[in-house]
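Structure record follows, encoded as structure tokens.
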Number of protein chains: 2
Amino acid sequence: MSQTQNYIDTTAMFRKYAHSARMLLALDSIVFGFDGEELKLLLIKRNFEPEKGKWSLMGGFLEENEDLELATNRILYDLTGLKDVYFEELKAFGKVDRDPLERTISICFFALINIHAHDQDLAKAQNAFWISLKDRPNLVFDHNEMVDLALERLRYRAALHPIGFELLPEKFTIPQLQKLYEAIYDTPLDRRNFSRKILSTKLLIDTGEKNENSATKKAILYKLDQTKYQSQFNAFHYFMSDASR
Amino acid sequence: MSQTQNYIDTTAMFRKYAHSARMLLALDSIVFGFDGEELKLLLIKRNFEPEKGKWSLMGGFLEENEDLELATNRILYDLTGLKDVYFEELKAFGKVDRDPLERTISICFFALINIHAHDQDLAKAQNAFWISLKDRPNLVFDHNEMVDLALERLRYRAALHPIGFELLPEKFTIPQLQKLYEAIYDTPLDRRNFSRKILSTKLLIDTGEKNENSATKKAILYKLDQTKYQSQFNAFHYFMSDASR
DNA sequence: TTAAAATTGTGTCAAAATAACACGTTTCGA
DNA sequence: TCGAAACGTGTTATTTTGACACAATTTTAA
């Protein structure tokens, strides 16, 4: 039966649970960004021990008097300078030897941000860089595993929920959105079917403006219907009609 | 910048991370079972402090030298007597005041088991009982929230992946499977469309036997094609064609 | 012995969604 | 001004879905 339910029998408020180990609780973040062409990761070139000089994810420790949710937001703010970042919990990583210095359980989450909106200075202060997924370096500890799983989860979630919008600027074109989906799934999509699929969700509002940065026909700039986005979030559609099925 | 990345600069193996809090790490399990008619929860009538006498989920603490995965299996074994139980991680719960005695982070998971296969004696030894979801009592701490989320996740997952089979005996009929899905989604389904949908997945193998317990026409007993189940697990189908969309 | 009731297996058909593909328009610059 | 590149919209055959009907099996009661 080992240590299951090993509470000690006491009503005194300041007695503690017996026999069980206290350990460090880390929060590690996989931050995805999109620059219009490629999917990128915000990674840290470590200038501190352990594994100084190597690449890793951004992380931090949970404080004694800090809610988990709050700590996650704090870490994302420290890294990107952004508040109200979209993130989801990924998984807890807890192998005994995953951190060489001390037993540490990591609760891992992934975040999606608009790469242009985020504070580049803050990232530089953290020695962080945007790295294309395809040039992904080897990471310390079990961080490679974390990124693999985050990418898998991103694909899973983006196929069913409109989270891809979190990676785009406020106003965007349908071809830009398509490029994002092609980057996420690393596969080409049919332009016409994609457009029909996206428009059928009625999540996009035509701003009346056009993308002036184009060298050819200027595409319509849309924005997200925030109300519908919130309310339809869990009513899953297939956003991936062509591939990944 | 608070405590983000507050590693101390040292190469000595036995130095520890500075300044950060160590805390208890609990593992709480939501165990779903199916008796042929209703979806049930395996709950504990607490005969220990804190909150003695009240209902709660089964849980335990992570040990110093124990992998997270291993601890989860240990706790499920202690509760059900089963090994190789199907489970998924749900979410980490970490509000500062969620446990009155001491700061405890709970990593929560939900498990699916065949209610008849599990060891009733072991459950009794833990003071655990199968409670119909509809008669769910109030639970201690944040356990209500955990169950709510687990049910939501179960519905989400079962709509896309064939995890429902984990709740059934090895041999089962299509009407039994339909009752399970109706219990999970709390909604009636069309018998004919359901059958067509399930058979189209080619996941079922006709055993040649029939359900002898029936008072009317005996339904065909199927078993799961384990090979296909494993390989197709992540190639999501809609298992819920009628409702929940 | 037979008819009724309950349950199971299979089939039909119209509507909707999907996948593959075609055509015309806008924009810039050669 | 003409061609190339990118954008917006349309067509059509096929597949999938949702709403049904009907026949077969088994037990029970008339």
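Chain letters run A, B, ... following the sequence lines, proteins first and then strands; every chain starts at 1.
- Aromatic pair B:H161/B:Y229: ring centres not closer than 6.0 Å.
- Note: CG (A:D190) to P (D:dA6) measures 16 Å, nearest angstrom.
- Rounded to an integer number of Å, the gap from A:L199 CG to C:dT18 P is 14 Å.
- Atom CD in A:E182 sits roughly 13 Å away from atom C1' in D:dA6 (whole-Å rounding).
- Looking at heavy-atom distances under 4.0 Å, A:I174 makes no contact with the nucleic acid at all.
- The distance between atom CD of B:Q176 and atom C1' of C:dT8, rounded to the nearest whole Å, is 13 Å.
- Comparing A:S214 and B:P175, the nucleotide of DNA chain C nearest to each residue sits closer to the 5' end for B:P175.
- Side-chain atoms of A:R192 and base atoms of C:dA20 include no donor and acceptor less than 3.5 Å apart.
- For A:L177 and D:dG8, the CG to C1' distance is 15 Å, given to the nearest whole Å.
- The distance from atom NZ of B:K179 to atom C1' of C:dA6 is 11 Å, rounded to the nearest whole Å.
- Side-chain N/O atoms of A:K210 include none lying less than 4.0 angstrom from OP1 or OP2 on D:dC7.
- For A:R196 against C:dA17, a side-chain-to-base donor-acceptor contact under 3.5 Å is absent.
- Between the side chain of B:K217 and the base of D:dT25, no donor-acceptor pair under 3.5 Å is found.
- C:dT12 atom C1' lies 12 Å from atom CG of B:N193, rounded to whole Å.
- A sub-4.0 Å separation between OP1 or OP2 of D:dT17 and a side-chain N or O of B:K197 is present.
- Between A:F172 and A:F165, the distance separating the two ring centers is shorter than 6.0 angstrom.
- Counting to the nearest Å, the P atom of C:dG9 and the CG atom of B:L204 are 11 Å from each other.
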Inset, instruction - Evaluate the criterion salt bridge (charged side-chain N to carboxylate O under 4.0 Å, His left out) for residue pair B:E38 and B:K134; output intermediate values, then yes/no. - result: CA-CA 9 Å; B:E38 285 185 308; B:K134 291 174 183 173; 5.2 Å; no
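- Set against D:dT9, C:dA6, C:dT27, the side chain of A:T216 has C:dT27 as its closest nucleotide.
- None of B:L199, B:T173, B:I198 except one satisfies the side-chain contact (heavy atoms from CB on, under 4.5 Å) rule with B:Y222; the exception is B:L199.
- The ring of B:F194 has its center closer than 6.0 angstrom to the ring center of B:Y181.
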